[in-house]
Amino acid sequence: MLNYKNHPIIAAVKNESDFYAALASSIETIFMLSSNILTVEDYARRAHNGGKLLYVHMDFVDGLSKDASGVRYLSTKNIDGIISTRSNIISAAADCGIPTVQRFFMIDSRSVDTALDTLKNSKANMIEIMPAIAYKAISKMKSNIRIPIIAGGLIERKSEVDEALASGASMISTGKRELWNQ
C-alpha cells in the first residue's frame with residue numbers, strides 16, 4: 001500500500017525516460033501510465049530493485065484485454081497495484097488481492113455526484129481525482145468517503161501540490177520531474 005504520510009508525491013510516468021528519472025528520484029511510488037504486456041514485468045522488477053512501488057494503469061497496457069483475465073495476467077507480473085477508470089477492473093483487481101486506484105475525471109458538479117455514487121459499490125482502495133486542481137471536488141469527495149484521495153493532472157508548481165494537499169488530497173501524482181524530489 002502507498003506510504004502517503006511521508007511521501008505524498010507520486011511519479012506519473014509515460015515513457016522510459018520518465019521511468020528512469022523516477023527511479024533516480026526520491027519518490028517511493030511510480031504510476032506507470034504507458035506499458036505493454038512485454039515490458040510490464042521488467043518495469044516492476046526495476047522499480048522494486050530501486051526500492052519503489054509500481055502501480056500500472058490497466059487502461060494503457062498495450063496488448064492486454066481490459067477485463068478480469070487481463071487483471072489476472074497482470075497479477076502474475078509482480079506489480080504493486082492497478083489504476084483504472086473502470087469499475088469492473090477495480091473489482092477484478094480487488095478480487096485478486098491487488099491494491100487499486102480508481103480514477104475519476106471532474107468536469108462539473110455532476111461528475112462529483114457520479115463518482116460518489118460509483119464509490120458506494122466500488123472496491124477501490126484509493127481514488128485519483130483529475131485534474132488535481134479541482135480543489136472543490138477534492139474537498140467534497142473527502143467529506144463523503146473514507147479512502148485516500150490522490151490528486152493528479154495539471155500539477156506544475158509546488159504551490160499547487162500544497163493547495164491540493166490542503167483541500168484534502170493524501171497524495172499527488174505528477175509527471176513534472178521537478179516536483180518528484182519535494
Side-chain angles (χ1 to χ4, degrees), residues 1-62 64 66 70-87 89-104 119 122-130 132 138 142 145-153 155 158 161 164-165 168-182:
M1 194 61 110
L2 300 181
N3 177 8
Y4 57 89
K5 302 241 188 271
N6 296 327
H7 281 284
I9 304 293
I10 297 167
V13 303
K14 297 177 187 166
N15 57 49
E16 196 169 18
S17 173
D18 284 348
F19 180 75
Y20 289 115
L23 286 179
S25 76
S26 64
I27 58 96
E28 293 183 351
T29 304
I30 298 170
F31 279 7
M32 180 54 65
L33 304 180
S34 177
S35 61
N36 66 62
I37 60 171
L38 301 175
T39 60
V40 70
E41 190 168 28
D42 185 53
Y43 281 131
R45 183 182 51 75
R46 290 174 188 265
H48 295 158
N49 287 345
K52 316 283 186 200
L53 297 175
L54 183 74
Y55 277 60
V56 174
H57 199 310
M58 176 86 181
D59 304 353
F60 302 129
V61 179
D62 291 339
L64 188 66
K66 310 318 183 227
V71 170
R72 283 192 302 276
Y73 173 82
L74 274 185
S75 74
T76 68
K77 300 304 170 193
N78 207 25
I79 63 169
D80 298 294
I82 286 179
I83 307 161
S84 183
T85 59
R86 303 167 193 222
S87 294
I89 298 298
I90 297 299
S91 291
D95 291 345
C96 287
I98 302 170
T100 59
V101 176
Q102 187 162 6
R103 273 187 163 185
F104 293 99
L119 287 167
S122 176
K123 295 180 179 180
N125 299 108
M126 294 168 275
I127 65 168
E128 183 173 17
I129 294 176
M130 300 186 77
I138 293 169
K142 184 67 175 176
I145 62 172
R146 300 208 186 297
I147 59 176
I149 295 173
I150 301 163
I155 294 283
K158 173 75 166 87
V161 169
L165 293 172
S170 300
M171 296 161 276
I172 308 299
S173 72
T174 179
K176 197 76 170 173
R177 292 181 185 186
E178 297 81 20
L179 296 174
W180 293 352
N181 289 312
Q182 296 293 313

Listed partners of S173 passing side-chain hydrogen bond (donor to acceptor under 3.5 Å, both in side chains), at least two apart: E128
Taking the side chain from S25 and the backbone from W180, do they hold a donor-acceptor pair closer than 3.5 Å? no
Check whether K66 reaches the backbone of F60 with its side chain - one donor and one acceptor, N or O, closer than 3.5 Å. no
What's the shortest heavy-atom distance between A22 and V13, and which atoms? CB-CG1, 3.9 Å
If you compare all heavy atoms of I138 against all heavy atoms of G168, which two are closest, and at what distance to 0.1 Å? CG2-C, 3.9 Å
Rounded to the nearest 0.5 Å, how far does CG of L54 lie from OH of Y43? 9.5 Å
Please evaluate residues I147 and M126 with respect to the criterion side chain to side chain contact (heavy atoms under 4.5 Å, CB included), reporting the C-alpha separation (whole Å), side-chain torsions for both, the decisive distance (0.1 Å), and the verdict. CA-CA 5 Å; I147 59 176; M126 294 168 275; 5.5 Å; no
Side chain to side chain contact (heavy atoms under 4.5 Å, CB included), that's the test. Do S35 and H57 meet it? Break it down for me. CA-CA 8 Å; S35 61; H57 199 310; over 6 Å; no
Is there a side chain to side chain contact (heavy atoms under 4.5 Å, CB included) between M58 and L64? Walk through the geometry before answering. CA-CA 8 Å; M58 176 86 181; L64 188 66; 3.8 Å; yes
Output the distance between atom CG (L74) and atom CZ (R72), rounded to the nearest 0.5 Å. 11.5 Å
Can you name the nearest heavy-atom pair linking K52 to I27, along with the distance? NZ-O, 2.7 Å
NZ (K14) with more than 12 external heavy atoms under 6.0 Å: no
Closest heavy-atom contact between P148 and M171? CB-CE, 4.0 Å
For L165 and P8, work out which heavy atoms get closest and say how close. CD2-CB, 4.1 Å
With rounding to the nearest 0.5 angstrom, report the CG to CG distance, L33 to D59. 10.5 Å
CG of D18 to NZ of K176: how many Å apart, nearest 0.5 Å? 11.5 Å
Looking at CG of L119 and CD1 of I127, how far apart are the two atoms once the value is rounded to the nearest 0.5 Å? 5.5 Å
Have a look at T100 and tell me which of I90, I83, V71, I89 forms a side-chain contact (heavy atoms from CB on, under 4.5 Å) with it. I90
Distance-minimising heavy-atom pair for V161 and I9: CG1-CD1, 3.8 Å
CD-CD1 distance between Q102 and I150, expressed to the nearest 0.5 angstrom: 11.5 Å
Measuring only between side-chain heavy atoms, which start at C-beta, is L38 closer than 4.5 Å to D62? no
